[in-house]
Amino acid sequence: MNAAPVVTRFAPSPTGELHLGNVRTALFNLLLARRSGGRYVLRIEDTDAARTTEAHVDGLVADLRWLGLDWDEGIGVDGAHGPYRQRDRGMVYGPLLDRLLQQDRAYPCYCTSAELELSRRTQLAAGRPPRYAGTCAQLDASARAAHAASGARAALRFRIPAGRMVQFDDLVHGPQHVDTALIGDFVIRRQDATPAFFFANAVDDSLMQVTHVLRGEDHLANTSRQLLVLEALDMRAPRYGHLPLLTGADGAPLSKRNGAQSVRELRESGYGALAICNQLFRLGHSCGDNSTLTLAGMAENFELKHLQRASAHFDPVQLRHWQSLWVRSLSPQQAQAWLAPFLPAVLAPAQRAALVAALLPNIVAAGDVAEWLPVVLGGELQWESDARVAVERAGADFFRAVTGALTDEEAQLASLRAASGRKGAEFFAPLRAALTGRLHGPELAPLLKAMSPALVRSRLGVWIR
RNA sequence: GCUCCCUUCGUCUAGAGGCCCAGGACACGGCCCUCUCAAGGCUGGAACACGAGUUCGAAUCUCGUAGGGAGCGCCA
């Protein structure tokens, strides 16, 4: 598009199922790129071998694809900056790590986790920030050799320059500055030789030419570390923007405990991808348009200046609203495809179409069809007491009359009404009650079309005597 | 403990000194429509955390207080 295209990325860690907070981050990065005709990259941060599983990688990719959040470059999509899984990028990290070591911007650390833990606890108890004490910071060559000779494997720590002020302009929060005196030397390569987050994440963004990073606010306080690493390597840093966290209704970070569902769960309970995206688009980002937007529409409306700085509560009720709008926007064909997994497999096409047509106006979540299936298809009715009263009040004569108007063809509401000699609620209420066991529900005419003539006859017939 | 971030209706948000005795959306109530429910239309109640200060004027600027959150990991 222009000389400096926007490149964004989503860099999840495959240690669990994709949840809404992640999806929003992915969505915003995608939209930021799309808005300006830039590129959006998907990188998998799987350096934590213990928690990473291939199932999670597959799930992540499947969820993102289902949501329609397709990437221009990344896992499964060839690009010029791969590989896109960090576990495959060892050859990229090695030389950079060596350089930092040679330039003394990093040093080997032989401290054990027990020692580090003790140090942390001591500092905390003394009311001090728990930072690396610098035990190995000044080891000379012979001391290092001695450690190495004893078989100890070193982690590599980044040496924080003293007395510096790291400054950056956050895309969301504005100018930030951090005194390096407040930062402890941190690990950039673990003892097992795998790269650590602050290093790999920063370096990959730079290498992949990422220009804008939108990520969770939990990274704000640590951004200075990544900036320092890139500076030491003389690499270009992206611009960072920190999105407010998504919380549950209780204000605590979104989790299973406060009702957060994974994308997989949402999908399986019949939520539409676009409904989810529309809801997320308005969480931490404002949009004057209250209609359901496509991803392209969202991209047009996405503005960094419309990003909120305060955390947002995820409200399932609002998701339901977007879901409702989405459902009402479905064509009959789309509605049938959407509902298919929730309907009995053996259903004649015509009956399926009639069923969907009848129920759709009253459905929000796809699972809502479940309660109507026995009603329409001929299962046991769950009688509401009011409905029973309405049926009894109508009397056997009413049902004898309407049953007389039934044919073996599809039941015609108009002829039943004519036969009953009644109109309005006097006619509909007992009919609805006898057919469905309740007084509320989808419009009766399409409902009747969806039910088999035999079922209608038997439901009405029982009330004649 | 230290550092950083945040604070407008119940919720999501508009608002970048006068257009705001604060607008929209969801939710909730009422009315209309209607065989009921849903949808739709109209309508109602509902908020600038608190306290100082700057200013002719503050939701908007400054400081403080309170509350919430995050970070300080060989997790990401």
**OP:** Report yes if a side-chain nitrogen or oxygen of A/His321 is closer than 4.0 Å to either non-bridging phosphate oxygen (OP1 or OP2) of B/rA25; otherwise report no.
**Re:** no
Subject >> Distance, rounded to the nearest Å, where A/Leu439 contributes CG and B/rA38 contributes C1' >> reply: 15 Å
Subject >> Rounded distance (Å) that lies between atom P of B/rG24 and atom CG of A/Asp289 >> reply: 16 Å
Subject >> N/O (side chain, A/His313) to phosphate O (OP1/OP2, B/rC12) under 4.0 Å >> reply: yes
Original post:
Of the candidate nucleotides B/rU7, B/rC5, B/rG15, which contains the atom at the shortest distance from the side chain of A/His306?
Top reply: B/rG15
Original post:
Should A/Gln176 be listed as having a side-chain N or O under 4.0 Å from OP1 or OP2 of B/rC5?
Top reply: yes
Original post:
Expressed in angstrom and rounded to an integer, what is the separation of A/Phe281 atom CZ from B/rU13 atom C1'?
Top reply: 13 Å
Original post:
Quantified in whole Å, what is the C1' atom distance between nucleotide B/rG45 and nucleotide B/rA52?
Top reply: 33 Å
**OP:** For A/Gly288, answer base if it contacts any base atom (sugar-phosphate contacts may also be present), sugar-phosphate if it contacts only those atoms, and nothing otherwise; contact means non-hydrogen atoms under 4.0 Å.
**Re:** nothing
**OP:** Show your reasoning for whether salt bridge (Lys or Arg N to Asp or Glu O under 4.0 Å) applies to A/Arg388 and A/Glu384.
**Re:** CA-CA 7 Å; A/Arg388 185 147 250 142; A/Glu384 286 173 355; over 6 Å; no
Subject >> RNA chain B: 5'-proximal contact among A/Ser324 and A/Gln279 (nearest heavy atom) >> reply: A/Gln279
Original post:
Paired with B/rU60: which nucleotide, if any, by Watson-Crick or G-U wobble criteria at under 3.5 Å for both distances?
Top reply: none
Subject >> P spacing across the pair B/rC48 / B/rU43, given as an integer number of angstrom >> reply: 24 Å
Subject >> Pairing partner of B/rC19 (Watson-Crick or G-U wobble, both distances under 3.5 Å) >> reply: none
Original post:
Considering only the P atoms, how many Å lie between B/rU54 and B/rU60, rounded to the nearest integer?
Top reply: 15 Å
**OP:** Take A/Asp397 and A/Arg422 through the test salt bridge (Lys or Arg N to Asp or Glu O under 4.0 Å) and record every step on the way to the result.
**Re:** CA-CA 12 Å; A/Asp397 288 346; A/Arg422 301 188 187 190; over 6 Å; no
Subject >> A/Glu426 CD - B/rU36 P separation (whole Å) >> reply: 13 Å
**OP:** List the protein contact pattern of nucleotides 63-76 of chain B with one symbol per nucleotide (5' to 3'): B for base contact, S for sugar-phosphate-only contact, - for none; contact means a heavy-atom distance under 4.0 Å.
**Re:** ------SSSBSBSB
**OP:** Between B/rU7 and B/rA49, how far apart are the C1' atoms? Round to whole Å, please.
**Re:** 7 Å
**OP:** Compute both the distance and the angle, then confirm whether A/Arg438 meets the cation-pi test with A/Trp372: under 6.0 Å from the six-membered ring centre, within 45 degrees of the axis.
**Re:** yes
Subject >> Rounded distance in Å between the C1' positions of B/rC50 and B/rA59 >> reply: 14 Å
Original post:
Mind checking whether A/His219 and A/His242 have parallel, tilted or perpendicular rings, split at 30° and 60°?
Top reply: tilted
**OP:** Consider the side chain of A/His440, meaning its heavy atoms from C-beta on, and name the nucleotide among B/rA27, B/rC12, B/rU36 that approaches it most closely.
**Re:** B/rU36
**OP:** Find the distance A/Leu325:CG to B/rG40:C1' and express it as a whole number of Å.
**Re:** 12 Å
**OP:** Determine which nucleotide pairs with B/rG29, using a 3.5 Å limit on both distances of a Watson-Crick or G-U wobble pair.
**Re:** B/rU43
Original post:
Can you list the steps and then say if A/Glu54 with A/Arg87 is a salt bridge (Lys or Arg N to Asp or Glu O under 4.0 Å)?
Top reply: CA-CA 12 Å; A/Glu54 287 311 297; A/Arg87 65 149 63 154; 3.4 Å; yes
Original post:
Can you tell if the side chain of A/Leu444 reaches within under 4.5 Å of the side chain of A/Phe427, non-hydrogen atoms only?
Top reply: no
**OP:** Tell me whether the OP1 or OP2 atom of B/rG40 has a side-chain N or O from A/Arg328 closer than 4.0 Å.
**Re:** yes
Subject >> Inter-nucleotide P distance (B/rU65, B/rC26), Å rounded >> reply: 40 Å
**OP:** Between A/Phe428 and A/Gln318, just flag the one whose closest nucleotide in RNA chain B comes earlier from the 5' side.
**Re:** A/Gln318
**OP:** Give the intermediate values and the outcome of salt bridge (Lys or Arg N to Asp or Glu O under 4.0 Å) for residues A/Arg85 and A/Asp46.
**Re:** CA-CA 7 Å; A/Arg85 288 185 62 158; A/Asp46 53 359; 2.9 Å; yes
Subject >> Distance between P atoms of B/rC32 and B/rG68 (Å, rounded) >> reply: 47 Å
**OP:** Apply ring-ring contact (aromatic ring centres under 6.0 Å, His included) to A/Phe158 and list each qualifying residue two or more places apart in sequence or on a separate chain.
**Re:** A/Phe186
**OP:** Provide the Watson-Crick or G-U wobble partner of B/rG71, both distances under 3.5 Å; none if there is no partner.
**Re:** B/rC2
Original post:
With both distances under 3.5 angstrom, what nucleotide forms a Watson-Crick or G-U wobble pair with B/rA66?
Top reply: B/rU7
**OP:** Quick one: closest heavy-atom pair of A/Leu171 and A/Gly241, and the distance?
**Re:** CB-CA, 3.5 Å
Original post:
Does NZ or CZ of A/Arg157 lie under 6.0 Å from the centre of the six-membered ring of A/Tyr132, at an angle within 45° of the ring axis?
Top reply: yes
Subject >> B/rC35 pairs with, by Watson-Crick or G-U criteria that keep both distances under 3.5 Å >> reply: none
Original post:
Is there a Watson-Crick or G-U wobble partner for B/rU55 with both distances under 3.5 Å, and which nucleotide is it?
Top reply: none
Original post:
Hey, is the side chain of A/Gln308 poking within less than 4.0 Å of OP1 or OP2 on B/rA14, counting only N and O atoms?
Top reply: yes
**OP:** Using the C1' atom as the reference point in each nucleotide, state the distance between B/rU11 and B/rC2 in Å, no decimals.
**Re:** 34 Å
Original post:
Does B/rA14 have a Watson-Crick or wobble mate here (both distances under 3.5 Å), and if so which one?
Top reply: none
Subject >> Gap between atoms CD and P, on A/Gln167 and B/rC4 respectively (whole Å) >> reply: 14 Å
**OP:** Send over the distance from A/His285 NE2 to B/rA25 C1', rounded to a whole Å.
**Re:** 15 Å
Subject >> Spacing of A/Asn362 atom CG relative to B/rG40 atom C1', expressed in whole Å >> reply: 14 Å
